[in-house]
Amino acid sequence: MSVALQMTAFGLALLSTLFLLLATCTDCWMVNADDSLEVSHKCRGLWRECVTNMQDGVRTCDQYDSILADHPVKIVVTRTLLITADLLAGLALATLLLGLDCIKFLKEEPRVKLKMCYGAGVILGLGSILGLVGSVWYAVDVYVERAMLVSHNIFLGVHYDFGWSCWLGMAGSTGSFVASILLTCCLY
(Lines give C-alpha, C1' and ligand atoms only; values in the text may rest on other atoms or scores of the structure.)
Protein backbone atom coordinates (compact mmCIF):
# COMPACT_ATOMS: atom_id res chain seq x y z
CA MET A 1 0.00 0.00 0.00
CA SER A 2 2.79 2.40 0.89
CA VAL A 3 4.62 1.87 -2.41
CA ALA A 4 1.44 2.43 -4.44
CA LEU A 5 0.68 5.59 -2.47
CA GLN A 6 4.22 6.86 -2.96
CA MET A 7 4.11 6.19 -6.69
CA THR A 8 0.72 7.88 -7.01
CA ALA A 9 2.01 10.92 -5.12
CA PHE A 10 5.18 10.97 -7.23
CA GLY A 11 3.25 10.79 -10.51
CA LEU A 12 0.87 13.52 -9.42
CA ALA A 13 3.75 15.68 -8.16
CA LEU A 14 5.65 15.23 -11.43
CA LEU A 15 2.63 16.15 -13.57
CA SER A 16 1.77 19.11 -11.33
CA THR A 17 5.35 20.40 -11.40
CA LEU A 18 5.30 20.26 -15.20
CA PHE A 19 2.00 22.18 -15.22
CA LEU A 20 3.49 24.85 -12.93
CA LEU A 21 6.60 25.17 -15.10
CA LEU A 22 4.51 25.45 -18.26
CA ALA A 23 2.25 28.05 -16.67
CA THR A 24 5.26 30.12 -15.66
CA CYS A 25 6.89 29.96 -19.09
CA THR A 26 3.87 30.35 -21.37
CA ASP A 27 2.35 33.64 -22.40
CA CYS A 28 -1.42 33.22 -22.36
CA TRP A 29 -2.50 34.31 -18.87
CA MET A 30 -5.08 36.71 -20.31
CA VAL A 31 -6.88 36.24 -23.65
CA ASN A 32 -9.12 38.63 -25.50
CA ALA A 33 -12.76 37.71 -25.00
CA ASP A 34 -14.56 40.07 -27.33
CA ASP A 35 -17.77 38.65 -28.75
CA SER A 36 -17.47 40.50 -32.06
CA LEU A 37 -15.76 39.07 -35.12
CA GLU A 38 -12.07 38.96 -34.31
CA VAL A 39 -9.29 38.97 -36.86
CA SER A 40 -6.62 38.44 -34.23
CA HIS A 41 -6.20 36.54 -30.99
CA LYS A 42 -4.38 38.44 -28.24
CA CYS A 43 -2.66 36.83 -25.26
CA ARG A 44 -0.91 38.55 -22.39
CA GLY A 45 1.55 36.65 -20.26
CA LEU A 46 4.04 37.20 -17.50
CA TRP A 47 6.94 37.76 -19.89
CA ARG A 48 5.45 39.02 -23.16
CA GLU A 49 2.29 39.83 -25.12
CA CYS A 50 1.45 37.96 -28.33
CA VAL A 51 -0.99 38.54 -31.16
CA THR A 52 -1.97 35.79 -33.60
CA ASN A 53 -3.62 36.69 -36.91
CA MET A 54 -6.58 34.32 -37.27
CA GLN A 55 -6.57 34.45 -41.08
CA ASP A 56 -3.01 33.41 -41.83
CA GLY A 57 -1.84 32.13 -38.42
CA VAL A 58 1.10 34.53 -38.15
CA ARG A 59 2.07 35.14 -34.54
CA THR A 60 4.04 38.13 -33.32
CA CYS A 61 5.18 38.68 -29.74
CA ASP A 62 6.41 41.77 -27.93
CA GLN A 63 8.77 41.06 -25.05
CA TYR A 64 8.34 43.26 -22.01
CA ASP A 65 11.18 45.78 -21.85
CA SER A 66 13.08 44.36 -18.92
CA ILE A 67 12.55 42.15 -15.91
CA LEU A 68 13.57 45.10 -13.74
CA ALA A 69 11.33 47.65 -15.50
CA ASP A 70 8.20 49.05 -13.90
CA HIS A 71 5.50 46.44 -14.45
CA PRO A 72 2.00 46.14 -13.03
CA VAL A 73 1.94 44.63 -9.54
CA LYS A 74 -0.02 41.58 -10.73
CA ILE A 75 2.79 40.61 -13.10
CA VAL A 76 5.58 41.09 -10.56
CA VAL A 77 3.77 39.25 -7.76
CA THR A 78 2.67 36.39 -10.02
CA ARG A 79 6.18 35.99 -11.44
CA THR A 80 7.70 35.90 -7.98
CA LEU A 81 5.19 33.46 -6.53
CA LEU A 82 5.27 31.09 -9.50
CA ILE A 83 9.05 31.02 -9.81
CA THR A 84 9.27 30.26 -6.08
CA ALA A 85 6.59 27.57 -6.45
CA ASP A 86 8.52 26.04 -9.37
CA LEU A 87 11.74 25.92 -7.35
CA LEU A 88 10.02 24.41 -4.32
CA ALA A 89 8.18 21.83 -6.43
CA GLY A 90 11.44 20.84 -8.13
CA LEU A 91 13.19 20.47 -4.77
CA ALA A 92 10.27 18.43 -3.41
CA LEU A 93 10.29 16.22 -6.49
CA ALA A 94 14.02 15.47 -6.11
CA THR A 95 13.61 14.76 -2.39
CA LEU A 96 10.60 12.55 -3.04
CA LEU A 97 12.45 10.63 -5.74
CA LEU A 98 15.24 9.80 -3.28
CA GLY A 99 12.71 8.88 -0.59
CA LEU A 100 10.73 6.38 -2.67
CA ASP A 101 10.91 2.79 -1.43
CA CYS A 102 11.64 1.50 -4.94
CA ILE A 103 14.87 3.56 -5.14
CA LYS A 104 17.96 1.85 -3.68
CA PHE A 105 19.27 5.06 -2.09
CA LEU A 106 19.37 4.57 1.74
CA LYS A 107 17.64 1.20 1.39
CA GLU A 108 18.78 0.13 4.87
CA GLU A 109 17.24 3.27 6.48
CA PRO A 110 13.45 3.05 5.97
CA ARG A 111 12.71 5.69 8.63
CA VAL A 112 14.98 8.20 6.88
CA LYS A 113 13.28 7.48 3.56
CA LEU A 114 9.88 7.99 5.19
CA LYS A 115 11.04 11.32 6.63
CA MET A 116 12.28 12.33 3.17
CA CYS A 117 8.83 11.59 1.72
CA TYR A 118 7.20 13.55 4.53
CA GLY A 119 9.59 16.49 4.02
CA ALA A 120 8.93 16.41 0.28
CA GLY A 121 5.20 16.59 1.05
CA VAL A 122 5.69 19.64 3.27
CA ILE A 123 7.84 21.41 0.66
CA LEU A 124 5.38 20.50 -2.09
CA GLY A 125 2.50 21.84 0.00
CA LEU A 126 4.28 25.16 0.51
CA GLY A 127 5.03 25.43 -3.20
CA SER A 128 1.45 24.59 -4.10
CA ILE A 129 0.10 27.31 -1.83
CA LEU A 130 2.44 29.88 -3.39
CA GLY A 131 1.48 28.78 -6.91
CA LEU A 132 -2.21 28.87 -6.12
CA VAL A 133 -1.96 32.31 -4.52
CA GLY A 134 -0.05 33.60 -7.58
CA SER A 135 -2.51 32.15 -10.08
CA VAL A 136 -5.59 33.26 -8.20
CA TRP A 137 -4.06 36.71 -7.55
CA TYR A 138 -3.64 37.17 -11.30
CA ALA A 139 -7.13 35.85 -12.09
CA VAL A 140 -8.77 38.09 -9.49
CA ASP A 141 -6.88 41.10 -10.81
CA VAL A 142 -8.06 40.35 -14.36
CA TYR A 143 -11.64 40.06 -13.11
CA VAL A 144 -11.43 43.28 -11.06
CA GLU A 145 -9.92 45.16 -14.01
CA ARG A 146 -12.77 44.02 -16.26
CA ALA A 147 -15.43 44.75 -13.61
CA MET A 148 -14.07 48.28 -13.11
CA LEU A 149 -14.30 48.99 -16.83
CA VAL A 150 -17.85 47.61 -17.01
CA SER A 151 -18.99 49.54 -13.92
CA HIS A 152 -17.74 52.79 -15.45
CA ASN A 153 -19.28 51.97 -18.86
CA ILE A 154 -15.88 52.03 -20.52
CA PHE A 155 -15.38 49.83 -23.56
CA LEU A 156 -11.87 49.81 -25.02
CA GLY A 157 -12.72 47.54 -27.93
CA VAL A 158 -11.46 44.39 -26.26
CA HIS A 159 -11.69 42.85 -22.84
CA TYR A 160 -9.72 39.99 -21.41
CA ASP A 161 -10.59 36.69 -19.72
CA PHE A 162 -8.45 34.13 -17.96
CA GLY A 163 -6.12 32.34 -20.35
CA TRP A 164 -5.10 28.72 -20.42
CA SER A 165 -1.79 29.50 -18.66
CA CYS A 166 -3.71 30.81 -15.67
CA TRP A 167 -5.84 27.65 -15.56
CA LEU A 168 -2.70 25.53 -15.96
CA GLY A 169 -1.13 27.28 -12.96
CA MET A 170 -4.22 26.63 -10.87
CA ALA A 171 -4.36 22.97 -11.95
CA GLY A 172 -0.66 22.44 -11.21
CA SER A 173 -0.97 24.05 -7.80
CA THR A 174 -4.04 22.00 -6.93
CA GLY A 175 -2.35 18.77 -8.05
CA SER A 176 0.73 19.62 -5.98
CA PHE A 177 -1.49 20.24 -2.97
CA VAL A 178 -3.22 16.87 -3.37
CA ALA A 179 0.18 15.14 -3.70
CA SER A 180 1.30 16.97 -0.57
CA ILE A 181 -1.73 15.71 1.34
CA LEU A 182 -1.03 12.16 0.16
CA LEU A 183 2.57 12.39 1.36
CA THR A 184 1.99 14.12 4.68
CA CYS A 185 -1.34 12.69 5.86
CA CYS A 186 -1.89 9.34 4.17
CA LEU A 187 1.62 7.86 4.13
CA TYR A 188 1.84 7.07 7.83
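Note: hydrogens, waters and symmetry copies are ignored here, and every other heavy atom, side chains too, is used. For this chain, numbers begin at 1 and follow the sequence in order.
The minimum heavy-atom distance between T80 and V76, with the atom names listed, is OG1-O, 2.8 Å. Summarising the geometry of W29 relative to Y138, their closest heavy-atom pair is CB-CE2, 3.4 Å, with the distance given to 0.1 Å. The shortest heavy-atom contact between A179 and L12 is N-CD2, 3.7 Å. Nearest heavy atoms, D141 versus K74: OD2-CD, 2.7 Å. Between M116 and G99 the shortest heavy-atom distance is CB-CA, 4.0 Å. Contact record, L96 with F10: CD2-CA, 3.7 Å, taken as the closest heavy-atom pair.
Side-chain N or O atoms of K113 include one that pairs as donor or acceptor with a backbone N or O of L98 at under 3.5 Å. Without hydrogens or angle criteria, W47 side chain to T24 main chain gives a donor-acceptor distance under 3.5 Å. Between the side chain of T26 and the backbone N or O of S165, no donor-acceptor pair lies under 3.5 Å.
There is a path of hydrophobic side-chain contacts, each under 4.5 Å, that joins I83 to M170. Residues V122 and V178 do not share a hydrophobic cluster, clusters being chains of Ile/Leu/Val/Met/Phe/Trp/Tyr side chains in contact below 4.5 Å. Side-chain heavy atoms closer than 4.5 Å link hydrophobic residues (I, L, V, M, F, W, Y) into clusters, and following such links, possibly through other members, connects L91 to L126. Hydrophobic clustering places W137 together with I129 (ILVMFWY residues linked when any side-chain heavy atoms are closer than 4.5 Å, directly or through intermediates).
Between atom CD1 of residue I75 and atom CG of residue L46 there is a gap of 7.0 Å, rounded to the nearest 0.5 Å. Interatomic distance, CG of L15 versus OG1 of T17, reported as 8.5 Å (0.5 Å rounding). In this structure, CE in M30 is found 8.0 Å from CD in E49, a value given to the nearest 0.5 Å. Here the CG atom belonging to L14 is positioned 10.0 Å from the CE atom belonging to M7, to the nearest 0.5 angstrom. The distance from the CG atom of L93 to the CG atom of L97 is 7.0 Å, given to the nearest 0.5 Å. The CG atom of L82 lies 6.5 Å from the CG atom of L20; values are rounded to the nearest 0.5 Å.
Between the side chains of S176 and S128, not a single donor N or O lies within less than 3.5 Å of an accepting N or O.
Looking at F177 and L124, their side chains never come closer than 4.5 Å, going by heavy atoms from C-beta outward. Here the side chains of L88 and L130 are in contact, with some heavy-atom distance below 4.5 Å.
Residues that satisfy the side-chain contact (heavy atoms from CB on, under 4.5 Å) test with C61, not counting sequence neighbours, are D27, R48, C50, R59.
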task: Walk me through it: do L183 and Y118 pass the test side chain to side chain contact (heavy atoms under 4.5 Å, CB included)?
output: CA-CA 6 Å; L183 290 170; Y118 183 77; over 6 Å; no

L5/L182 under side chain to side chain contact (heavy atoms under 4.5 Å, CB included): CA gap, chis, key distance, verdict: CA-CA 7 Å; L5 190 61; L182 287 176; 3.7 Å; yes

